[in-house]
Amino acid sequence: MKRLHAATVITQAGRVVGVQVDVLRPAGTNGPAARLVAGPGQLAHRIELRVPAKLATAQQIERFHTAVGAKIGVTAGPPHSTVSSSMASARGTRKRPTPA
C-alpha cells in the first residue's frame, strides 16, 4: 500500500488549479525550495493523499486532480478552461465591422 503524502492544493472558484506534494529533502541539504501559495481569489488547502505511480499524460493528471478535488469537495480543472474554449468558438463567429 502506498503511503500518504502531505500536499498543498490551490483552488479558485471551486476548482482545483494546482497540487504540490511535499517532498522530503535529505537531512543537511540546503538549497532552494519552492511551494505553492494562493493568490488573489484562491484558497490553499492542506491534505494527505496517495500519489499515483504515473502522472505522465494529461488524462492521468486530470484523473488525479479530479480525485483530489473530490477529497476536498471541489471540481477539478482550471476555472478558465471552459471560458477560453467558449471564447475561442465565439472568436470564429464574430462579425467584422464593415468599413463606412
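Side chain of Q20 to main chain of A34: a donor-acceptor pair is present (N/O by atom type, distance under 3.5 Å, no hydrogens or angles). Within the 3.5 Å criterion, the main-chain N or O of A58 finds no donor-acceptor partner in the side chain of E62.
Partners of E48 under the side chain to side chain donor-acceptor pair (under 3.5 Å) rule, at least two apart in sequence or in another chain, do not exist in this structure.
Heavy atoms only, all atoms of each residue included: Q42 and G39 are closest at OE1-N, 2.8 Å. Shown here for V21 and A7, the closest heavy-atom pair between the two residues is CA-CB, 4.0 Å. Here the closest non-hydrogen pair linking A44 and A38 is N-CB, 3.9 Å.
To the nearest 0.5 Å, atoms CD1 (I72) and CG (L49) are separated by 10.0 Å.
Screening V16, V19, V17, V37 against I10 for a side-chain contact (heavy atoms from CB on, under 4.5 Å) leaves a single residue, V17.
When only modelled atom types and interatomic distance are considered, T11 and H45 share a side-chain donor-acceptor pair under 3.5 Å.
Applying the salt bridge (Lys or Arg N to Asp or Glu O under 4.0 Å) definition to pairs two or more places apart or across chains, those involving residues 33-46 are D22-R46. Pairs of residues two or more places apart, or lying in two chains, never qualify as salt bridge (Lys or Arg N to Asp or Glu O under 4.0 Å) while including a residue from residues 64-73.
Looking at V9 and I47, their side chains come closer than 4.5 Å, going by heavy atoms from C-beta outward.
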